[in-house]
Amino acid sequence: LMQVLEMAQRMSARSHGAFDVTIGSLRGWRFQPDDPRMPSAAETAAERPLVDYRKLVLDRRARTAYLERRGMRIDLGGIAKLYIIEAGARRLARPGVERALVNGGGDVAAVGRAGAAPWRVGVRDPRAPDRLLGTLELARGIVASSGDYERAFVRGGKRYHHILDPRSGMPADGPRGVTLVSERLEALDGLGVAIMVLGKDEGVHLVEATPGLDALIVGRDGELWLTRGMRRRLGR
C-alpha cells in the first residue's frame, strides 16, 4: 500500500495535479448506469478544496500515511489496478511457466521467456467501444487503457463519465481514450488518467518525456496520435 501511495504521489506531482490521488474527496458522483448521481453545484464547491495531493503525508520509515484535512479521501482506482496485475504477472514468472498474461479488465501485464510467442492484445476504439482499433503483440510488459466509455451516464442530453478533473470537479474534457505500453510500471501507472484530464497536447509532452513508453491518444475530435513505436506495434 505504501508503494502504491508513493507512486500515486509522484504521478500527482509530475502531472501537476491532473492525476490527483485525493480525487476521492469528490463524493457526490455515482456512475452506475442504473443508479447514476450527479452532485449539486454546492456539493462540488464544498468538496473541491479537499482535492489536494500535497496534503497527503507519507512516512515510509514510520509506515504511516495521513491526510491533513478532515473530510479528505484518497482514491487509488486510477493507479492500484496496474500495480496488482503487474504483481500477479511477476508472481507467475517462475520456472516452468513459459509465458503468462494477467488481464485486469482492459489493462494487461505479460511475462514470458525469451523467444516465447507474444500475446495479442486488442485495443478498443473509444469512439465505438464494440470495435477494435487494432491489436498489439506483447511478449512482456504492460498495456494500460483509459477512456470515457466504461462508466458513464447521460443526463439532459449530455454524457458524464467517471474520469474527473480535479480542477473543476467535473468529468474531464480531454481525449476520448489513451492506450499506453511499457515494460516499466512506473512509466505509465496513472499517466493515462492525467492525459485524459490535461488534453492531447500536454499529454503528448508527457509521453515524449517518458523513456520506453509507447502511446495512442484518441482526441476529442476523433483524431489519432501515435508514437512511432505504437505505429509499429499496432496491427489492424
Visitor: Which pair of heavy atoms, one from I163 and one from G147, lies closest together, and at what distance?
Guide: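 In terms of heavy atoms, the two residues are closest at CD1-O, 3.7 Å.
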Visitor: Between R48 and E43, does at least one N-O distance fall below 4.0 Å, as a salt bridge requires?
Guide: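 Salt bridge: no.
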Visitor: Kindly write out the residues that satisfy side-chain contact (heavy atoms from CB on, under 4.5 Å) with M38, not counting sequence neighbours, or none if the list is empty.
Guide: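 Applying side-chain contact (heavy atoms from CB on, under 4.5 Å) to M38 gives W29, F153, R155, Y160, M170.
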Visitor: Measure the spacing between OG of S146 and CZ of R176 and express it to the nearest 0.5 Å.
Guide: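 Result: 14.0 Å between the selected atoms.
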Visitor: Which value, rounded to the nearest 0.5 Å, describes the distance between L138 atom CG and L136 atom CG?
Guide: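 Answer rounded to 0.5 Å: 7.5 Å.
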Visitor: Is there a path of hydrophobic side-chain contacts, each under 4.5 Å between heavy atoms of I, L, V, M, F, W or Y residues, that connects L213 with M11?
Guide: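 Same hydrophobic cluster.
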Visitor: When you measure from the side chain of S12 to the backbone N and O of G17, does any donor-acceptor pair fall under 3.5 Å?
Guide: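 Here the side-chain-to-backbone pair does not exist.
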Visitor: Tell me whether R91 at atom CZ has more than 12 heavy atoms from other residues, nucleotides or ligands lying less than 6.0 Å away.
Guide: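 At most 12 heavy atoms, drawn from other residues, nucleotides or ligands, come within 6.0 Å of this atom.
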Visitor: Quick one: pull up CG in D130 and CZ in R124 and give me the separation to the nearest 0.5 Å.
Guide: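 Between D130 CG and R124 CZ, I get 7.0 Å after rounding to 0.5 Å.
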Visitor: Would you name the heavy atoms of D148 and A152 that are closest together and state the gap between them?
Guide: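 It is O-CB, 4.1 Å.
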Visitor: Please round to the nearest 0.5 Å and tell me the distance separating atom CZ of R167 and atom CG of D20.
Guide: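 Going from the CZ atom of R167 to the CG atom of D20 covers 11.0 Å.
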Visitor: So which atom in P39 and which in T44 form the shortest heavy-atom distance, rounded to 0.1 Å?
Guide: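 P39 and T44 have their closest heavy atoms at CG-OG1, 3.6 Å.
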Visitor: Once you round to the nearest 0.5 Å, how far does CG of L5 lie from CG of L58?
Guide: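 Those atoms lie 5.5 Å apart.
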Visitor: Given T135 and L234, is the side chain to side chain contact (heavy atoms under 4.5 Å, CB included) satisfied, shown in steps?
Guide: CA-CA 6 Å; T135 58; L234 195 64; over 6 Å; no
Visitor: With no hydrogens and no angle check, is any side-chain donor or acceptor of R30 less than 3.5 Å from a backbone partner on D35?
Guide: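 Checking the backbone N and O of D35 against the side chain of R30, a donor-acceptor pair under 3.5 Å is found.
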Visitor: Any chain of hydrophobic side-chain contacts (each under 4.5 Å) joining V143 to W225?
Guide: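 No; W225 is not reachable from V143 via cluster members.
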Visitor: Is there a continuous path of hydrophobic side-chain contacts, each under 4.5 Å between heavy atoms, that joins L132 to I217?
Guide: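 No; tracing contacts between hydrophobic side chains, which count when under 4.5 Å, never links both residues.
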Visitor: Specify the closest pair of heavy atoms between R140 and E183, including all atoms of both residues, with the distance to one decimal.
Guide: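 That would be O-CG, 3.8 Å.
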Visitor: Could you go through residues 63-77 and list every donor-acceptor pair under 3.5 Å that involves a side-chain atom there, pairing it with any protein atom two or more places apart or in another chain?
Guide:
residue : atom : partner : partner atom : Å
R69     : NH1  : P49     : O            : 3.4
D75     : OD1  : G77     : N            : 2.8

Visitor: Decide side chain to side chain contact (heavy atoms under 4.5 Å, CB included) for T22 and L50; before the verdict, give the C-alpha distance in whole Å, the side-chain angles of both, and the deciding distance to 0.1 Å.
Guide: CA-CA 8 Å; T22 64; L50 299 175; over 6 Å; no
Visitor: If every non-hydrogen atom of A100 is compared with every non-hydrogen atom of V97, which pair is closest and at what distance?
Guide: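 Of all heavy-atom pairs spanning A100 and V97, the closest is CB-CG1, 4.1 Å.
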Visitor: Less than 4.0 Å between a side-chain N and a carboxylate O, is that true for E6 and R60?
Guide: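 E6 and R60: salt-bridged.
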Visitor: First locate atom CZ of R54, then atom CD of Q9, and finally report the distance between them rounded to the nearest 0.5 Å.
Guide: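 Spacing of CZ (R54) from CD (Q9) equals 11.5 Å.
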Visitor: Taking R61 first and then D59, would you say they form a salt bridge - that is, a charged N and a carboxylate O separated by under 4.0 Å?
Guide: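 No, no charged N to carboxylate O under 4.0 Å.
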Visitor: Indicate every side-chain donor-acceptor pair of residues 187-211 with a distance under 3.5 Å to a residue at least two apart or in another chain.
Guide:
residue : atom : partner : partner atom : Å
T210    : OG1  : R14     : NH2          : 2.2
T210    : OG1  : L206    : O            : 2.7

Visitor: Please tell me whether L1 and V57 are part of a single hydrophobic cluster in this structure, the criterion being side-chain heavy atoms less than 4.5 Å apart.
Guide: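 Shared cluster, no.
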Visitor: Should Y83 and M7 count as side-chain neighbours, where that means a heavy-atom distance under 4.5 Å?
Guide: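 A side-chain contact under 4.5 Å exists here.
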Visitor: Does the side chain of D107 reach to within under 4.5 Å of the side chain of I85, using non-hydrogen atoms?
Guide: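 In contact.
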Visitor: Under 4.5 Å between any side-chain heavy atoms of S182 and D214, yes or no?
Guide: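 No, their side chains stay 4.5 Å or more apart.
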Visitor: Please step through side chain to side chain contact (heavy atoms under 4.5 Å, CB included) for the pair I84 and K81, ending with a clear verdict.
Guide: CA-CA 5 Å; I84 292 166; K81 184 170 69 169; 5.5 Å; no
Visitor: Using the side chain to side chain contact (heavy atoms under 4.5 Å, CB included) rule, take T179 and V218 through it: C-alpha gap first, then chi angles, then the decisive distance, then the call.
Guide: CA-CA 9 Å; T179 296; V218 181; over 6 Å; no
Visitor: Taking side chain as C-beta onward, heavy atoms only, is V108 less than 4.5 Å from I142?
Guide: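 In short, these two side chains do not touch, never coming nearer than 4.5 Å.
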Visitor: Taking the side chain as C-beta and beyond, is there a heavy-atom pair between L180 and L216 under 4.5 Å?
Guide: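 No, every pair of side-chain atoms sits at 4.5 Å or beyond.
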Visitor: Just wondering, do R233 and V181 contact through their side chains at under 4.5 Å, heavy atoms?
Guide: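 Yes, side chains in contact.
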Visitor: Looking only at non-hydrogen atoms, find the nearest pair between S25 and V51 and report the distance.
Guide: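 Taking S25 first and V51 second, the nearest heavy atoms are CB-CG2, 4.0 Å.
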Visitor: Evaluate the side-chain proximity of R113 to R99: yes if any heavy-atom separation is below 4.5 Å, no if none is.
Guide: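 No. Closest side-chain heavy atoms not under 4.5 Å.
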Visitor: If you define the side chain from C-beta out and look only at heavy atoms, does anything of L224 sit under 4.5 Å from R127?
Guide: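 A side-chain contact under 4.5 Å exists here.
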